Each structure stands twice: as C-alpha cells, then as structure tokens.
Amino acid sequence: ADPAGIAFFGRIIAFCHDAYEDLMRDRGVPLHELVTQGEIGLPLANASADFLRPLPHGADVTVEVRVAELREKGFTLEHTVIGPGGDPHARVKTVHVAISRATKRPIPLPERIAKALNEEAP
C-alpha cells in the first residue's frame, strides 16, 4: 500500500499480468514455456490504466480479462479489476506484440497462440 493506505498502482498492473498468465495457461499456452523453451516472446508494446476508485490495502480482487483485439502480429487485452462489493476499481489495457527472441523483431503470431486467444471464455 502507499502512504494513503490504498493499493500501489504498480501492484494493480501486476494483478493484471498474473491474470494474463492464468488465461494463457488455462488455454494451453503457459507463458513460462514460451520464455524458457520457445523462440517467441510476447512483450508489452503499450499499457494504460484508468483507476476508477481506490482499492483498499489487502482487499481481495478478481481480474476479468478479455481479448479485445487479435491482429497478425499481436493482440490487445482489456482487464477489469473488481474489488470488494463487485465494483470495478481499475481498467487496464495491454498491447502485446509477437517477436522473435533471436532477432527481437515482430513476427506473425503463431497459430497455437492465436487459437488460444480466440477461444471462448470458460
């Protein structure tokens, strides 16, 4: 928490990243495998956040993740951070790009990843 007793903004972004990792794992594409075994990376190209109301320190949160856009070489995710009482506390948008780990240049999103992102939510 910051000195005001509310969750530090960077922690909210981390909640969203954790939810993204969960989404990919649940859809059969664990990100740790991409990092340790694959030839592709999915780094952030952009991230933005709207903080709608303070999130109390220690509050339980739920992060809903939605694939907002799927492109040839990347994708956009929209995250809603839900706090106690079911109210949204933040909306976070992340834009990811597929890159070759060898060249660090954009490449087409592999079919396995595009298919996972295109699945309906369970």
Side-chain angles (χ1 to χ4, degrees):
D2 64 17
I6 58 176
F8 175 64
F9 76 91
R11 190 67 197 120
I12 292 171
I13 303 296
F15 293 153
C16 294
H17 181 79
D18 291 346
Y20 160 54
E21 286 197 23
D22 290 346
L23 172 85
M24 296 301 284
R25 184 187 61 249
D26 292 347
R27 293 186 179 186
V29 185
L31 291 179
H32 72 274
E33 286 181 7
L34 292 175
V35 172
T36 60
Q37 302 168 9
E39 297 178 5
I40 183 173
L42 296 171
L44 282 176
N46 187 281
S48 62
D50 292 318
F51 300 101
L52 308 172
R53 59 181 49 83
L55 186 63
H57 175 67
D60 288 328
V61 299
T62 299
V63 180
E64 297 174 350
V65 183
R66 182 179 84 77
V67 179
E69 185 178 7
L70 189 58
R71 295 178 313 284
E72 178 189 358
K73 295 182 180 180
F75 54 93
T76 300
L77 300 176
E78 292 178 346
H79 313 258
T80 302
V81 179
I82 311 276
D87 293 323
H89 284 255
R91 296 191 197 288
V92 176
K93 183 163 98 170
T94 57
V95 179
H96 303 256
V97 63
I99 64 165
S100 160
R101 290 184 59 208
T103 67
K104 307 296 189 259
R105 303 288 303 156
I107 60 172
L109 200 57
E111 185 177 331
R112 172 181 175 217
I113 295 169
K115 183 179 176 186
L117 290 166
N118 214 19
E119 285 182 11
E120 289 296 318

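On a predicted model such as this, the values are computed, not experimentally measured, just so you know.
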>> For P88, is there any backbone N or O sitting under 3.5 Å from a side-chain donor or acceptor partner on R53?
In response: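 Indeed, once roles are kept as given, a pair shorter than 3.5 Å links the two residues.
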List, one per line, each side-chain donor-acceptor pair under 3.5 Å for residues 28-42, sequence neighbours excluded.
residue: T36; atom: OG1; partner: H32; partner atom: O; Å: 2.9

>> Quick check on N46: does its CG atom have over 12 non-hydrogen neighbours (other residues, nucleotides or ligands) under 6.0 Å away?
In response: yes
> Can you name the nearest heavy-atom pair linking P56 to H89, along with the distance?
Replying inline: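 That closest heavy-atom pairing would be CD-CE1, 4.4 Å.
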> So, for A90 and I12, which heavy atoms are closest and what is the spacing to 0.1 Å?
Replying inline: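 Reported closest heavy-atom pair: CB-CG2, 3.9 Å.
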Is [X] linked to [Y] within one hydrophobic cluster, defined over Ile, Leu, Val, Met, Phe, Trp and Tyr using a side-chain heavy-atom separation of less than 4.5 Å?
| X | Y | answer |
| --- | --- | --- |
| V95 | V97 | no |
| V65 | V92 | no |
| F8 | L55 | yes |
| L52 | I13 | no |

>> In the structure I gave you, are the side-chain heavy atoms of E21 and C16 within less than 4.5 Å of one another anywhere?
In response: no
>> Let's go through R71 and T76 carefully: what are the C-alpha distance in whole Å and the side-chain angles of both, what is the deciding distance for side-chain hydrogen bond (donor to acceptor under 3.5 Å, both in side chains) to 0.1 Å, and is it a yes or a no?
In response: CA-CA 8 Å; R71 295 178 313 284; T76 300; 3.2 Å; yes
> Excluding sequence neighbours, so at least two apart, what forms side chain to side chain contact (heavy atoms under 4.5 Å, CB included) with H96?
Replying inline: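 With sequence neighbours excluded, H96 shows a side chain to side chain contact (heavy atoms under 4.5 Å, CB included) to Y20, L44, F75, L77, T94, given in chain and number order.
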>> When you compare the side chains of R91 and S48, does any donor N or O come within less than 3.5 Å of an acceptor on the partner?
In response: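 There is no such pair between these side chains.
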> CD of E64 to NE2 of H79: how many Å apart, nearest 0.5 Å?
Replying inline: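 Separation between the atoms: 12.0 Å.
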> Going through the distances and angles, do L117 and M24 end up as a side chain to side chain contact (heavy atoms under 4.5 Å, CB included)?
Replying inline: CA-CA 8 Å; L117 290 166; M24 296 301 284; 3.7 Å; yes
